[in-house]
Amino acid sequence: MTAARSLPSIDREQIRARFALSYVPERHRRIIAGQEVIVHCHHYNSRIQRTVEGVADIDGKGIVRRASEQAFARQIAYAIEETDDEATRWVVAEELFAELGYGRLDLSKANEGVVTQSAGHFVEGWGVAFGDDRKPVCTLAEGFIQAAFIAIEGQEVEARETECMHCGADACSFTVEKTGAAAEVPAAPERIEGVSMQEHVELAESNIDDQAIINAVVGLAIRGTEEGLIPAFGVYLANTPADVYNGIAIEFVEEMSKLGRMESATRLLNEAGESCAMNTFRGIMDSPEWEALIAPMLQDQSDTLFALVALSNAFGWGNWGVTDHEPGESLEMVSFNGYEALGFLESRGKASEAQCWMLQGVSAGMMELVYGEGSFADRFGTFFVEETDCIAKGNSVCVFSVEEA
Ligand SMILES: [Zn+2]
Ligand SMILES: [Zn+2]
């Protein structure tokens with residue numbers, strides 16, 4: 001936080017104004033500084049990271065770092081204005097990191113090879129979810145620091161966390177080593193806007209006013225505090241570029257496939273989505289916002305599930321809806337423009353298998369949350385999902401079919 005104090009001439013509030021959210025209602029997308037961002041909580045984010053970094057035979061940290069570096073280089077470059085001097089550019093990067101909910105970085109000595117972090121989304125996330133696992137956890141910040149060097153200095157660097165608050169340090173510390181190579185902001189993949197088939201699909205009825213929920217959630221300020229965290233709904237939220245999630249998931253599945261372990265990779269990604277649905281949505285259902293806005297609409301048990309779907313549509317995951325539902329037994333959902341399917345198409349072309357690992361897990365997790373009994377551990381895996389159609393395979397929509405396992 002000392003950097004903030006030593007640069008009184010830079011108005012951080014003004015810089016934050018560059019990151020105003022724009023929500024695209026017809027596509028259910030959230031855009032910050034030119035990038036589509038997805039709202040997820042610390043349970044999902046730390047679980048995905050732990051999944052990818054936890055496999056001994058692949059370079060999981062490298063995967064997380066690369067995906068972050070590529071996407072954040074574009075976002076930081078977009079947020080910088082031509083008239084910004086160098087000190088301001090570094091503050092833009094610090095404030096973007098904070099705005100998105102990742103924490104508070106001090107980049108004022110980055111060019112001398114030292115970066116510190118006084119609060120971190122992943123520090124909080126791992127502390128809550130995986131308190132026993134003591135190793136540095138701020139890999140996404142490493143990628144972000146590398147991205148800042150590309151966007152601000154045009155240089156390739158290696159940022160590595162040497163001390164982490166998760167391991168008991170007072171602050172996280174990173175070393176930065178310049179490789180000597182120049183680096184350019186990577187071009188974004190050519191975007192596919194999504195398939196608009198909504199008029200051909202009949203969604204199931206409920207007592208939920210979807211639009212009222214979406215409007216309310218889009219109206220919430222899901223922005224980092226001064227210390228760069230977003231405590232809300234009983235969890236820590238963050239706004240992560242879809243390109244980061246897709247870069248991580250796609251490369252993880254590819255690396256695991258080379259080892260003949262694709263199935264284990266996709267199961268782990270499903271479980272992260274399943275855990276996200278149970279933990280995030282449980283937090284939301286216990287929140288005062290839910291009590292005020294959504295509880296009055298609930299008449300049937302299944303209305304809870306419909307309300308959760310409306311909420312997720314406001315989180316930027318894309319537009320999906322329920323087409324068929326037997327309470328407690330089965331669920332069929334259709335997704336029109338999930339970020340996983342589109343991200344795969346954009347970066348790899350047509351897939352031979354369905355690619356929406358997160359939505360698959362979430363659709364099972366919602367059934368387990370709404371209809372399951374006992375602890376989350378008891379409910380885990382009690383519903384089975386199959387994604388029969390996927391936009392990434394060339395189908396017009398993604399279709400998720402969930403049944404009791
Ligand atoms: Zn750390
Ligand atoms: Zn799909």
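Quick caveat: nothing in here was measured; it's all calculated off a predicted structure. Ligands are counted one by one from 1 in listed order, and the atoms in each one are counted from 1 as well.
Taking the Zn ion (ligand 2) as reference, Glu387 places its N/O/S atom OE2 nearest. Take the N/O/S atoms of Glu161: the one nearest the Zn ion (ligand 1) is OE2.
Of the candidates Gln70, Glu69, Glu156, Gln155, Glu69 is the only one forming a side chain to side chain donor-acceptor pair (under 3.5 Å) with Gln146. For the side-chain contact (heavy atoms from CB on, under 4.5 Å) criterion with Val362, the lone passing option out of Trp317, Trp357, Phe400, Tyr44 is Trp317. When each of Arg65, Arg47, Lys61, Lys135 is tested with Glu53 by the rule salt bridge (charged side-chain N to carboxylate O under 4.0 Å, His left out), just one qualifies, namely Lys61.
The pair Arg191-Glu36 does not meet the salt-bridge criterion, since no charged nitrogen lies less than 4.0 angstrom from a carboxylate oxygen. Of the charged side-chain nitrogens involved, none lies within less than 4.0 Å of a carboxylate oxygen, so that Arg267 and Glu263 do not count as a salt-bridged pair.
Geometry about the Zn ion (ligand 2) gives an angle of 110° between SG of Cys398 and SG of Cys356, rounded in steps of 10 degrees.
Residue Cys167: no N/O/S atom is found under 2.8 Å from the Zn ion (ligand 1). At a cut-off of 2.8 Å, Asp389 is not counted among the residues with an N, O or S atom near the Zn ion (ligand 2). Counting backbone and side-chain atoms alike, His166 contributes no N/O/S atom closer than 2.8 Å to the Zn ion (ligand 1).
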